[in-house]
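Each remark here refers to the structure printed beneath this line.
Note that the coordinates shown come from a computational prediction; the quantities given were computed from them, not determined experimentally.
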Amino acid sequence: AIFMAIYPDRVVFSLLEIIIKTGSSSNAEMKEWPYFPQNRRENMIFNRIFDDLLLKFLPNVSRHVSKLQENEPEFNPRWNRLLSDFFIGILPNSYIFKIFDAYIIEGYKVPLRFALAHVALQQQSLLRCQTGAEFHDCLVNCFHRPSSHEYLVTGSSGSTSGSGPYPFKLLQKTAYSLKFSRNILTRFKNRHRRLSLDDFEDGDRALMLQRPLPKLSRTSSF
């Protein structure tokens, strides 16, 4: 979606091909993700790594999530909206393009870093949430509420696109103040890779094993 806003179709297909090949041809077992995990199990592990980082850097939020899950066992924070969906629909486009610049150079650490920063800057609001629905709303809709925040968000065209809880420079400063090495991520990753399928929750297993059909806008000719 981000590439499509900048390049014509044929260039986007070429760029996606390069990114996917970079992640699959260099290592058949995908011990390292240059950009993103490319199968369901690895994607679950990616989310588990974020849980580990949350416990390390923002233990109050991590404990609050566990508390909410005690009352709502079905509640599962939508971290994928920050990680796999790359903040689309959550942050202003002007923020996302700047994050994407760093992503092209640094790879998969960038969504982890900025997702942690986003949660850190929303921490006080998240800790006040009493239900999973409130938590999710606070996580993904903070830039779409009526203007009651301190900062104005300026779009790429220079016009004001709405209000938001923090400016990009604060998000960037927070993201790069969170220090974690790839060695730590690899250690977390390997620990989760040793888990058997039975160690994942029912929802995780269902997502890993399902074979979803594409939603077509018209009858397929195949």
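In this structure, the ring of F46 has its center no less than 6.0 angstrom from the ring center of F188. No close placement of the Y95 and F114 rings is indicated, their centers lying 6.0 Å or farther apart. Between Y103 and F100, the gap from one ring centroid to the other is short of 6.0 Å.
Grouping the Ile, Leu, Val, Met, Phe, Trp and Tyr side chains by contacts below 4.5 angstrom, directly or via other members, places F97 with I104. A continuous path of Ile, Leu, Val, Met, Phe, Trp and Tyr side chains, each step under 4.5 Å between heavy atoms, connects I88 with V110, placing both in one hydrophobic cluster. A continuous path of hydrophobic side-chain contacts links V11 to I6 [ILVMFWY only; heavy atoms under 4.5 Å]. By the criterion of side-chain heavy atoms lying less than 4.5 angstrom apart, applied directly or through intervening Ile, Leu, Val, Met, Phe, Trp or Tyr residues, Y176 is grouped together with L178 in one hydrophobic cluster.
Environment of OH in Y7: sparse, with no more than 12 heavy atoms of neighbouring residues, nucleotides or ligands closer than 6.0 Å.
Considering every non-hydrogen atom in both K179 and F57, the closest pair reads O-CZ, 3.2 Å. Among all heavy-atom pairs drawn from C142 and P165, the shortest one is O-CD, 3.6 Å. Shown here for K109 and S181, the closest heavy-atom pair between the two residues is NZ-CA, 4.2 Å. Heavy atoms only, all atoms of each residue included: T131 and E72 are closest at CA-OE2, 3.3 Å. Closest approach of G107 and P111 over heavy atoms only: O-CD, 3.6 Å.
Contact annotation: the side chain of F3 approaches that of I19 to within less than 4.5 Å [non-hydrogen atoms, C-beta and beyond]. You'll find the side chain of F50 reaches within 4.5 Å of the side chain of L116, heavy atoms only. When side chains are defined from C-beta on, L112 counts as touching L83, because their heavy atoms get closer than 4.5 Å. Side-chain contact between L139 and Q122 is absent, with no heavy-atom pair separated by less than 4.5 Å. Considering only heavy atoms from C-beta on, F36 stays 4.5 Å or farther from S84 through its side chain. At least one side-chain heavy atom of P77 sits less than 4.5 Å from a side-chain heavy atom of Q69. For the pair I99/L171, a side-chain contact is recorded, criterion being any heavy-atom separation below 4.5 Å from C-beta on. Put simply, the side chain of L53 reaches to within 4.5 Å of the side chain of L185, judged on heavy atoms.
For the atom pair CG of N141 and NE2 of H136, the computed distance is 6.5 Å after rounding to the nearest 0.5 Å. Rounded to the nearest 0.5 angstrom, N60 CG and Q124 CD are separated by 8.5 Å. Distance check, rounded to the nearest 0.5 Å: NE2 of H64 to CG of L58 gives 13.0 Å. Considering CD1 of I49 and OG1 of T186, their distance stands at 8.0 Å, rounded to 0.5 Å. Rounding to the nearest 0.5 Å gives a distance of 13.0 Å between CZ of F135 and CZ of R128. Going from atom CZ of R10 over to atom CG of L15 covers 10.5 Å, rounded to the nearest 0.5 Å.
A cation-pi arrangement is present between K98 and F168 under the rule of less than 6.0 angstrom and at most 45 degrees off the ring axis.
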**OP:** Check step by step if side chain to side chain contact (heavy atoms under 4.5 Å, CB included) holds for I2 and F87.
**Re:** CA-CA 11 Å; I2 298 170; F87 309 98; over 6 Å; no
**OP:** For L16 and V12, run side chain to side chain contact (heavy atoms under 4.5 Å, CB included): C-alpha distance rounded to whole Å, both residues' side-chain angles, the deciding distance at 0.1 Å, then the answer.
**Re:** CA-CA 6 Å; L16 291 177; V12 173; 4.0 Å; yes
Subject >> Q123 vs L126, side chain to side chain contact (heavy atoms under 4.5 Å, CB included): CA-CA, chis, key distance, verdict >> reply: CA-CA 5 Å; Q123 179 171 197; L126 291 170; 5.6 Å; no
Subject >> Trace of the side chain to side chain contact (heavy atoms under 4.5 Å, CB included) decision for W79 with V119 >> reply: CA-CA 10 Å; W79 303 133; V119 174; 3.9 Å; yes
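For the pair S177 (side chain) and T174 (backbone), a donor-acceptor distance under 3.5 Å is present.
Using a 4.0 Å cut-off between a side-chain N of Lys or Arg and a carboxylate O of Asp or Glu, D85 and R78 do not qualify as a salt bridge.
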